[in-house]
A.B. asks: 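Before we start, here is the structure in question, set down as structure tokens.
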There are 2 protein chains.
Amino acid sequence: MSRKPRLRSGSGVTMHDVGLAVGVSAITVSRALYSPERVSDTLRTKILEAVDRLGYVPNRSARALASARSQTVLVLIPSLTNTVFIDTLAGIEDVLRPAGYQMLIGNTHYSAGEEMQLLRAYLEHQPDGVLVTGLSQPPEFAQTLERQGIPAVYMMDLTADGRCCVGFSQEDAGEAITRHLLERGRRRIAFMGAQLDERVLKRLDGYRKALRAAGRYDAALEDLDPAPSTMQMGADALTRLLQAHPDCDAVFCCNDDLAIGALAACQRLGLAVPQRMAIAGFNDLQPAGWVTPPLTTVATPRYRIGTEAARLLLASIAGEADAVTCHDLGFTVMPRASS
Amino acid sequence: MSRKPRLRSGSGVTMHDVGLAVGVSAITVSRALYSPERVSDTLRTKILEAVDRLGYVPNRSARALASARSQTVLVLIPSLTNTVFIDTLAGIEDVLRPAGYQMLIGNTHYSAGEEMQLLRAYLEHQPDGVLVTGLSQPPEFAQTLERQGIPAVYMMDLTADGRCCVGFSQEDAGEAITRHLLERGRRRIAFMGAQLDERVLKRLDGYRKALRAAGRYDAALEDLDPAPSTMQMGADALTRLLQAHPDCDAVFCCNDDLAIGALAACQRLGLAVPQRMAIAGFNDLQPAGWVTPPLTTVATPRYRIGTEAARLLLASIAGEADAVTCHDLGFTVMPRASS
DNA sequence: ACCTGAAATGTTAGCGCTAACATGAAAATG
DNA sequence: CATTTTCATGTTAGCGCTAACATTTCAGGT
């Protein structure tokens, strides 16, 4: 009356099998692998040899189920094609992997709806923590995390509302680069924005603040397009801008892609940069230092945001309450020849 | 004599709890969620309502453990900063997500060693299948997969050795674009290569084949650098190349980044493109069609490689033996003004 | 010799879920 | 109306692992 044996996943070698081969119980194998100090040296050596010989592969699902810790972190980023987030991802990975944590990457495509959906879907993995881009999730988002008791770190921007965040003030950065253009004697400074996510809008706020303070704000000089930014778009926007406002003498582009497109358009139109037109970008991506003329932009600590956020999250997972703080990593205005 | 209750992960609501709330057993809840046709409509509605009300989140680890299927696919790609692989990733995701599969992304950094390490690490998740970039893994790689009975699909290139692959012939593509340059009357065609992964080397093979057939091969015209490619590198290589070989009248760059760098260098050096110097790239990334002059390049079906590979893998996981075939998705030479 | 306590290993139970088999009721069949 | 089939649901056991407690061993102190 024996039942069919159930399916086995993987190679079918379990801790129990390894234990049998060495003459110990499964728990000792578990300890040899994950808390080596609790097993005598001789035994541990024999066990590790057997693990190798039998080709034992631990089963993470079983481990997660039994220990109630998945050793997994969910990372939500708006895009995989934007270098900014890829750099951050690299920083995150460099901290999480050595710590034995697994990254689950969710691409929100800049959509709050998709972000919420992804959170729900990935919660099934019982992540031990979540790294989120930006601060403008719906209230439901934080509630869900709260209910499951999952710590989160918010990346890229700052807030004083008590959430744990790592980044820099997008608004201050926008203000700083605009002020830089003012200091260079520019009087009709335009803003070129695409994607229009929360970070772009905050940079726009900073731009407005700087210009208003100088008494030079003109809403007509704002060119906003919700579509994802491309170099082409930057070129088009610049052409449009100069047609409508021939007196415009500078433009702050919300990112380097737009700025490089704008630069190319100036060259095509025969406008000298920076003499006739100053151009500033944002992020200091690799090409910014390389185009002619080199692009004035704002260098952002993307990689470090990743490492710091990951570190904070790990501390938070470990229960260190003081990990829940706001980390301002700052930014640097990079004055180059385009302004 | 009661023990401490064990930790609970997540919200603590289980299928059993949902069942209690509705007055059914846990297995009925399971069926209502995953094989709805096996539960009556009335009951299913009640169960789903309770799931919502209680905020039940399924536990994927438990599911994977009990069913021996993780609904997870491992994707190994060489880089997250190369648009080529990001596009492929997008294709993969667009097929896997609707099918309920979870992607685990492993970044190999173009290293066979890291690739093997990643495979071993991610095997702990008991992936149901693996998507791999390229064909030149060590024999150990395929053996490991074989032993665990995990199907794999190899992306980007073709092979006749029986492995399931989706891509196009990198060699044929290299040959085709080189022939295009020959047909445009070029006689001293250089090759500029970076990163030097297997795909670049195959394109180089194709380049050599075309030039040898035309009796115009000269090993001195090959500029190879194992470092990751950048626009800067393309510019440097072009300058170097022209210094050493002033008679060089065309260059096939192994990717668009190098080509755009080379283009910029020509402009800086005052060399007319294509009159004095023809330039061809590879991949047809967005900027290729947009720089001046527009770049001749080879369009590659990156997104479709992703969707097809994912589809094949799913079929393979489902046990459809005929899924193990080679899919040639072809490529298209895009003649533009740079040649 | 006895006790104490730390170190090394084992036993038991259960994490949340689903495969396999079992049961009971309703519907279809002769 | 008895019999078979189908459908809807339940029971049992176990996936592989580890928390919690239990036991054994042995060093060191008295």
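So that the names make sense, note that chain A is the first sequence line, chain B the second, and so on, each numbered from 1.
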A.B. asks: Measure from CG on A:N59 to P on D:dG14 and round the result to the nearest Å.
C.D. replies: 18 Å
A.B. asks: Please report the C-alpha distance between A:R304 and A:E308 in whole Å, then the side-chain angles of each, then the deciding distance to 0.1 Å, and finally whether the salt bridge (charged side-chain N to carboxylate O under 4.0 Å, His left out) criterion is met.
C.D. replies: CA-CA 6 Å; A:R304 276 195 57 224; A:E308 278 313 297; 5.2 Å; no
A.B. asks: Check the distance between D:dT9's P and B:E37's CD and give it to me in whole angstrom.
C.D. replies: 13 Å
A.B. asks: Does a side-chain N or O of A:T28 approach OP1 or OP2 of C:dA8 to a distance below 4.0 Å, or not?
C.D. replies: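 Negative; the distance criterion is not met.
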A.B. asks: Tell me whether the side-chain N/O atoms of A:T14 come closer than 4.0 Å to OP1 or OP2 in D:dC15.
C.D. replies: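 For D:dC15, OP1/OP2 do not have a side-chain N/O of A:T14 under 4.0 Å.
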A.B. asks: Closest to the A:R38 side chain: D:dG10, C:dT9, D:dC17?
C.D. replies: C:dT9
A.B. asks: Just the rounded figure in Å: distance from C1' of D:dG16 to CZ of A:R31.
C.D. replies: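 Between C1' of D:dG16 and CZ of A:R31: 16 Å.
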A.B. asks: Nearest to the side chain of A:A66 - D:dG10, C:dG14, C:dT18?
C.D. replies: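 That would be C:dG14.
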A.B. asks: Provide, to the nearest angstrom, the distance between the CD1 atom belonging to B:I27 and the C1' atom belonging to C:dT23.
C.D. replies: 15 Å
A.B. asks: Nearest whole angstrom, please: distance from the C1' of D:dC17 to the CG of A:L65.
C.D. replies: 8 Å
A.B. asks: Of the listed nucleotides (C:dT18, C:dA8, D:dT18), which one gets closest to any side-chain atom of A:S40?
C.D. replies: C:dA8
A.B. asks: Any luck finding a side-chain donor-acceptor pair between A:H125 and B:Q102 under 3.5 Å?
C.D. replies: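 B:Q102 and A:H125 do have a side-chain donor-acceptor pair below 3.5 Å.
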A.B. asks: Rounding to an integer number of Å, can you tell me how far B:R69 CZ sits from C:dA19 P?
C.D. replies: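 For the pair B:R69 CZ and C:dA19 P, the rounded distance is 9 Å.
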A.B. asks: Roughly how many Å is it from CZ in B:R63 to C1' in C:dC15, rounded to a whole number?
C.D. replies: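 To the nearest whole Å, that distance equals 17 Å.
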A.B. asks: Verify the contact: side-chain N or O of B:S67 to OP1 or OP2 of D:dC15, cut-off strictly under 4.0 Å; return yes or no.
C.D. replies: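 No, B:S67 has no side-chain N/O under 4.0 Å of OP1/OP2 on D:dC15.
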A.B. asks: Whole angstroms only, please: what is the CE-P distance between B:M15 and C:dG16?
C.D. replies: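 Roughly 12 Å, once rounded to whole Å.
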A.B. asks: Here's a test for you: under side chain to side chain contact (heavy atoms under 4.5 Å, CB included), which of B:L54, B:L43, B:V29 qualifies with B:V22?
C.D. replies: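 So, applying the side chain to side chain contact (heavy atoms under 4.5 Å, CB included) to B:V22 and each of B:L54, B:L43, B:V29, only B:L43 qualifies.
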A.B. asks: Under 6.0 Å from the NE2 atom of A:H16, do we count more than 12 heavy atoms belonging to anything else shown?
C.D. replies: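 Open: at most 12 neighbouring heavy atoms sit under 6.0 Å from NE2 of A:H16.
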A.B. asks: Using the rule given for salt bridge (charged side-chain N to carboxylate O under 4.0 Å, His left out), can you reason through A:R44 versus A:E49, listing the C-alpha separation, both sets of side-chain angles and the distance that settles it, and then say yes or no?
C.D. replies: CA-CA 8 Å; A:R44 188 171 58 246; A:E49 184 274 326; over 6 Å; no
A.B. asks: Is there a side-chain contact between B:S30 and the phosphate of C:dT18, meaning an N or O under 4.0 Å from OP1 or OP2?
C.D. replies: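 Looking at the OP1 and OP2 atoms of C:dT18, one of them is under 4.0 Å from a side-chain N or O of B:S30.
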A.B. asks: Quick check on D:dC17: is either OP1 or OP2 less than 4.0 Å from any side-chain nitrogen or oxygen of A:Y56?
C.D. replies: yes
A.B. asks: What about A:R60, does its side chain sit under 3.5 Å from the base of D:dG16 through a donor-acceptor pair?
C.D. replies: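 Flag unset: no donor-acceptor pair detected.
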